[in-house]
Amino acid sequence: GQSLEQPSEVTAVEGAIVQINCTYQTSGFYGLSWYQQHDGGAPTFLSYNGLDGLEETGRFSSFLSRSDSYGYLLLQELQMKDSASYFCAVRDRATYNQGGKLIFGQGTELSVKP
Amino acid sequence: NAGVTQTPKFQVLKTGQSMTLQCAQDMNHEYMSWYRQDPGMGLRLIHYSVGAGITDQGEVPNGYNVSRSTTEDFPLRLLSAAPSQTSVYFCASRAQGTRSGANVLTFGAGSRLTVL
C-alpha cells in the first residue's frame, strides 16, 4: 500500500517563504503531485515531479528525491490568497496498468498572516 | 469548457435511503474517480475507472457502487445511506497513458451529502 505524511498546519507571514514537506511509503509510484484547495472549493493541480529535482512554476516550486522518499512544495513571496490546504499525492505504480490510481496525503493547512 | 460537472451540489438523506451522485466530463478523459473528503482525513479514493466498462476499488469502497457505461459519465451510487457517509464527494478525471495532462487530475466542484 501507500502512505503519505505531511504536516497538518503551517503558519507564515506575507512575503515570507514556506516549505511544505511530504514523505511517502509506497511500493512504487510514478511521480509526486501537489494540489491546492481553498476553503469550500475543489482541489486544483499545482505541480508534478516525475523525476528527481526541482520544478519551478512562478512563485511555487516542487522538489522530489526518490532515494529519500521525500518531496516538498516551496511557496515564495507569500500572499494572503495562498492561505489554503495543500495536498501531496502519488500515482500508484503497482496499478499502473489499471490506471495508476492517485492517492493523497491528509493535507497541510497553510495560514498566511499579514 | 465545462470540465467536470457534479450534481447535485447539496443533498440531505435519511438513513437507509439510496441516491446517485452524477459526474460528467467533456474532456474525453479515460480515467475517472470518486473521492470523499472528511475533516482531517484528506481525500480518500472510493472507486475509479480507466475506461468504459472498467471499474476498480479504491481505499474506501464499502457502501458505494459505480459503473462506467460511457467515457463521459461516472455515477456514484449509495444503496443504503448511513450517517458515516456524510461527507463532501469529489469526482475527478484525467487523461491516461502518455497523453498530455495524464498527470493532472481535474476535479468537479463537489457534492456535499448529509445523512441523518
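First the proteins, then the strands, lettered A, B, ... as listed; each starts at 1.
- The two atoms that bring A:Ala42 and B:Ala109 nearest to each other are CB-CA, 4.2 Å, heavy atoms only.
- A:Tyr86 and A:Tyr72 sit in two unconnected hydrophobic clusters of ILVMFWY residues. Membership requires side-chain heavy atoms under 4.5 Å apart, directly or through other members.
- Considering only heavy atoms from C-beta on, B:Arg94 stays 4.5 Å or farther from A:Phe45 through its side chain.
- At a 4.5 Å heavy-atom cutoff, the contact between A:Ser33 and chain B is made by side-chain atoms alone.
- A:Leu78 and A:Trp34 fall within a single hydrophobic cluster, where Ile, Leu, Val, Met, Phe, Trp and Tyr are joined by side-chain heavy atoms under 4.5 Å apart, directly or via other members.
- Looking only at side-chain heavy atoms (C-beta outward), A:Leu102 and B:Ser33 stay at 4.5 Å or farther from each other.
- At distances below 3.5 Å, at least one donor-acceptor pair connects side-chain atoms of A:Tyr35 with backbone N or O atoms of B:Leu105.
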Please walk me through it: do A:Gln37 and B:Phe90 pass side-chain contact (heavy atoms from CB on, under 4.5 Å)?
-> CA-CA 12 Å; A:Gln37 184 182 31; B:Phe90 288 101; 3.6 Å; yes

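- Residue B:Arg112 places its CZ atom among 12 or fewer non-hydrogen atoms of other residues, nucleotides or ligands, all under 6.0 Å distant.
- B:Val104 and B:Phe74 fall into different hydrophobic clusters, where Ile, Leu, Val, Met, Phe, Trp and Tyr are joined by side-chain heavy atoms under 4.5 Å apart, directly or via other members.
- When hydrophobic clusters are built by joining Ile, Leu, Val, Met, Phe, Trp and Tyr residues whose side-chain heavy atoms come closer than 4.5 Å, directly or via intermediates, B:Tyr35 is grouped together with A:Ile103.
- Of the two parts of B:Leu43, the backbone and the side chain both hold a non-hydrogen atom closer than 4.5 Å to a non-hydrogen atom of chain A.
- When heavy atoms are compared at a cutoff of 4.5 Å, B:Gln6 does not approach chain A at all.
- Tracing side-chain contacts under 4.5 Å through hydrophobic residues (I, L, V, M, F, W, Y), one never reaches B:Phe107 starting from B:Phe10; they form parts of separate clusters.
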